[in-house]
Colleague: 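Have a look at this one.
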Amino acid sequence: MNSAFFLVLRRMRAPIIVLIVIYAISVIGLTLVPGVDAEGKPTPPMSFFHAFYFISYTATTIGFGEIPVAFSDAQRLWVMVCIYLTVVGWSYSVVTLIALLQDKGFQNTLTTNRFARRVRQTKEDFYLICGCGETGGLIARSFDHVGQAFVVLEKDEMRVEELDLLDFKSDTPALAADARLPDNLKLAGLNHPKCRGVLAMTNDDQSNLAIAIAVRLLNPKIPVIARAELAATAANMASFGTDHIINPFERFADSLALAIAAPERFRLIELLTSLPETALPEPHRPPRGHWILCGYGRFGHAIASRLRNNGIALTIIDSSARDSDHDITGDGTEASTLRQAGIENADGIVAGSNNDINNLSIAVTAAELKPDLFVVARQNQAANAALFDAYAADFTVLPSRIIAQECIALLTAPLLARFLERLPHLDEAACHQLAERLSEACGGRTPVVWDNRLNAAEAPAAWQALMHDQPIRVGDLLIDGTERSRRLPVVPLMIERGDACRLLPDDDEALQAGDQLLFASPLSAQRNLELTLRNANELEYVLHGHEKSGSLLGKLLAAH
């Protein structure tokens, strides 16, 4: 507010001075012009008090009349001059004020002050999203869906205005500002006690690097998740201790290689890391054999490295022939180039250029030449989703969605990363069985993956019961708190107790205070189970079927 007030004073300085001068001249003039009495005889001029009094109510358009006595002609002439002077002065002031209200800098100041005030008054845990393009927008919508508060810093002012048009459940603080500047990060709540982490999701690697470094220096206690598409940028981020660095190209290359080597495990990971409560992704079963890769940039290099490590024979098509790894020069949109690459004998093709139209052209041409070809299409812009949906490639990669999925998985369930590290201990049959179990529990939608520690902060009711040696098993918690005869559609994935972890615990697994549990369920089941863990009355009903009232009257009636 200080900056806005200062800006008003600075812009209105000249009009205020003009008005002060006009009123001063008007008052002084009345103290110099002689008057007349009732008999027409000359009288001394008005006193300073009466002159100031008359100009005051005249300037405010109240108009009491000529007081304390009727004016002389000279006084009336001077008053007319004063009236027109004040009209000019006020017109100048009003025009200047209107221009100030329309001034972009003043509007930005008011917006910034309002944004900072809302962030300061935040009472719940929130995440700071730096960059709200395609990736940040997906993260924001997912956060809003699961009820997680967040704050947005976005350099594009038009994008910030678009956020107001989205049907968010909560009124999200958003500011059009450069997140690379430390002052803007502080303004957005970097040092706020409720800030749980920062997501550097801009489209520029250097901006993400600057954000990651600023957070590490200004508030090293909170985690940072940063997007990086260049190896040099990722290495620089790692040297500053960035908690999670996401390269969408490498992530997808790893996923494609895993889908070829272990399709059931890949299917399970895809379910657990997808955006919560979205449509189930189609199962992917990429074949082995000979593949064609169109485009050998950063994405192509990552794909080629992973496929070759899995024993895939690879033919590369790229418009530049400077690299010895390029087998054929071209872009893959022509049938002749694809035939030259051996499309007739290929099992799969990756349309991986940085141009969506070219990728669709490659995919359509390749499918016409060999209809049973497994097609992987890279989608660079979310705005082209309708085109890629209409084509329906076997596997579509959207970098912004890959990053958003991993961010949501890391932030909403930190225990999930440790579960995925232990997933190779499950064979393909167990992964398939778990994936089917998750699909059935969530009614054909992707699950919400979340964790909960049985302590006084996150599960006070369950923690207190365990501290009083009341036995609780995993299956006891999965009873519906609204109807005890029903079981919640919740799949327990892991229990972490100290350094030990138990994958896929059964219903008879006994729990201990301090255990950290990882669940997958629909959002409604998550909220039901969280209420059971927090509310002693709900837990009592779930465990023993007793309905207790928390009111004094209810306790007296129960005792009676």
Side-chain angles (χ1 to χ4, degrees), residues 203 229-231 247-261 263 266 282 284-385 387-402:
N203 293 325
E229 297 181 0
L230 298 175
N247 185 322
F249 302 147
E250 293 185 357
R251 290 294 189 274
F252 177 76
D254 292 336
S255 299
L256 181 60
L258 182 62
I260 295 174
F266 168 75
E282 293 294 328
H284 302 299
R285 301 289 187 270
R288 293 182 178 272
H290 176 229
W291 281 64
I292 297 174
L293 171 61
C294 300
Y296 201 55
R298 295 192 302 269
F299 178 77
H301 275 79
I303 293 292
S305 173
R306 304 312 192 278
L307 292 184
R308 283 170 173 163
N309 290 340
N310 280 270
I312 301 296
L314 196 63
T315 300
I316 298 176
I317 301 175
D318 193 79
S319 58
S320 173
R322 292 174 295 177
D323 196 313
S324 59
D325 288 337
H326 296 169
D327 296 330
I328 298 174
T329 301
D331 54 18
T333 57
E334 308 90 353
S336 58
T337 305
L338 294 176
R339 289 193 180 97
Q340 185 182 355
I343 189 70
E344 294 84 2
N345 300 319
D347 298 287
I349 186 171
V350 179
S353 73
N354 57 4
N355 186 296
D356 283 353
I357 303 303
N358 284 348
N359 290 339
L360 287 170
S361 177
I362 293 169
V364 171
T365 305
E368 289 177 351
L369 295 176
K370 189 174 183 181
D372 60 342
L373 193 68
F374 190 91
V375 179
V376 177
R378 173 184 172 186
Q379 178 185 344
N380 298 280
Q381 303 293 330
N384 294 322
L387 299 178
F388 283 85
D389 290 342
Y391 173 70
D394 297 290
F395 206 162
T396 301
V397 50
L398 180 60
S400 59
R401 181 171 290 273
I402 293 174

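None of these values were measured; they are calculated from a predicted model.
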Colleague: Closest heavy-atom contact between Gly289 and Ile312?
Modeller: O-CG2, 3.4 Å
Colleague: Determine the minimum heavy-atom distance between Ala393 and Thr396, stating which atoms define it.
Modeller: CB-OG1, 3.8 Å
Colleague: Output all residues satisfying salt bridge (Lys or Arg N to Asp or Glu O under 4.0 Å) with Asp389, sequence neighbours left out; order by chain, then residue number.
Modeller: none
Colleague: Determine, for Asp254 against Arg306, whether the closest basic-nitrogen to carboxylate-oxygen distance falls under 4.0 angstrom.
Modeller: yes
Colleague: I need the minimum non-hydrogen distance between Val376 and Trp291, along with the two atoms involved.
Modeller: CG2-CZ3, 3.9 Å
Colleague: Report the distance from atom CZ of Arg339 to atom CG of Asn345, rounding to the nearest 0.5 Å.
Modeller: 13.0 Å
Colleague: Taking the ring of Tyr296 and the ring of Phe249, is the distance between their centroids below 6.0 Å?
Modeller: no
Colleague: Out of Thr333, Asn358, Asn359, which residue meets the side chain to side chain donor-acceptor pair (under 3.5 Å) rule with Ser353?
Modeller: Asn359
Colleague: Rounded to the nearest 0.5 Å, what separation is found between the OG atom of Ser305 and the CG atom of Leu314?
Modeller: 10.5 Å
Colleague: About how many Å separate CD of Glu250 and CD1 of Ile402, when rounded to the nearest 0.5 Å?
Modeller: 11.5 Å
Colleague: Could you state the interatomic distance from CD1 (Ile292) to CD1 (Ile317), rounded to the nearest 0.5 Å?
Modeller: 5.5 Å
Colleague: Quick check: closest heavy atoms across Gly332 and Cys294, and the distance to 0.1 Å?
Modeller: CA-SG, 4.2 Å
Colleague: Under a 3.5 Å cutoff, is there a donor and acceptor pairing between the side chains of Arg308 and Asn310?
Modeller: no
Colleague: With a 3.5 Å distance limit and no angle check, can you tell me whether Gln379 reaches the backbone of Gln381 through a side-chain donor-acceptor pair?
Modeller: yes
Colleague: Consider only side-chain N and O atoms of Asp356 and Asn384, and report whether a donor and an acceptor are under 3.5 Å apart.
Modeller: yes
Colleague: For residues Asp318 and Thr329, determine if any side-chain heavy atom of one lies less than 4.5 Å from a side-chain heavy atom of the other.
Modeller: no
Colleague: Over all heavy atoms of both residues, which pair between Leu338 and Ile362 is shortest? Give the atoms and the distance, please.
Modeller: CD1-O, 4.3 Å
Colleague: Find the distance between CZ (Arg378) and CZ (Phe388) and round it off to the nearest 0.5 Å.
Modeller: 10.0 Å
Colleague: Phe299 vs Asn354, test: side-chain contact (heavy atoms from CB on, under 4.5 Å). Steps then yes/no.
Modeller: CA-CA 9 Å; Phe299 178 77; Asn354 57 4; over 6 Å; no
Colleague: Within a strict 4.5 Å, meaning less than it, do heavy atoms of the Ile303 and Phe252 side chains meet?
Modeller: yes
Colleague: How about Leu360 and Leu387: do any of their side-chain heavy atoms sit closer than 4.5 Å?
Modeller: yes
Colleague: Atom CD of residue position Glu282 - does it have more than 12 heavy atoms of other residues, nucleotides or ligands inside 6.0 Å?
Modeller: no
Colleague: Under 3.5 Å, side-chain donor or acceptor atoms of residues 363-375 against the rest of the protein: list the pairs with distances, not counting sequence neighbours.
Modeller:
residue: Thr365; atom: OG1; partner: Ser361; partner atom: O; Å: 2.8
residue: Lys370; atom: NZ; partner: Glu344; partner atom: O; Å: 3.2
residue: Lys370; atom: NZ; partner: Ala346; partner atom: O; Å: 2.4

Colleague: Run Thr315 and His290 through side-chain contact (heavy atoms from CB on, under 4.5 Å) and show every step you take.
Modeller: CA-CA 8 Å; Thr315 300; His290 176 229; 2.8 Å; yes
Colleague: Begin from the C-alpha positions of Leu307 and Leu256 and carry the test side-chain contact (heavy atoms from CB on, under 4.5 Å) through to its verdict.
Modeller: CA-CA 8 Å; Leu307 292 184; Leu256 181 60; 4.1 Å; yes
Colleague: Looking at CD1 of Ile316 and NE2 of His301, how far apart are the two atoms once the value is rounded to the nearest 0.5 Å?
Modeller: 7.5 Å
Colleague: For the residue pair Gln340 and Thr337, confirm or rule out a side-chain donor-acceptor distance under 3.5 Å.
Modeller: no
Colleague: Could you work out, with salt bridge (Lys or Arg N to Asp or Glu O under 4.0 Å) as the rule, every residue matching Arg251, not counting sequence neighbours?
Modeller: Glu406
Colleague: Looking only at non-hydrogen atoms, find the nearest pair between Arg285 and Pro263 and report the distance.
Modeller: CD-CB, 3.7 Å
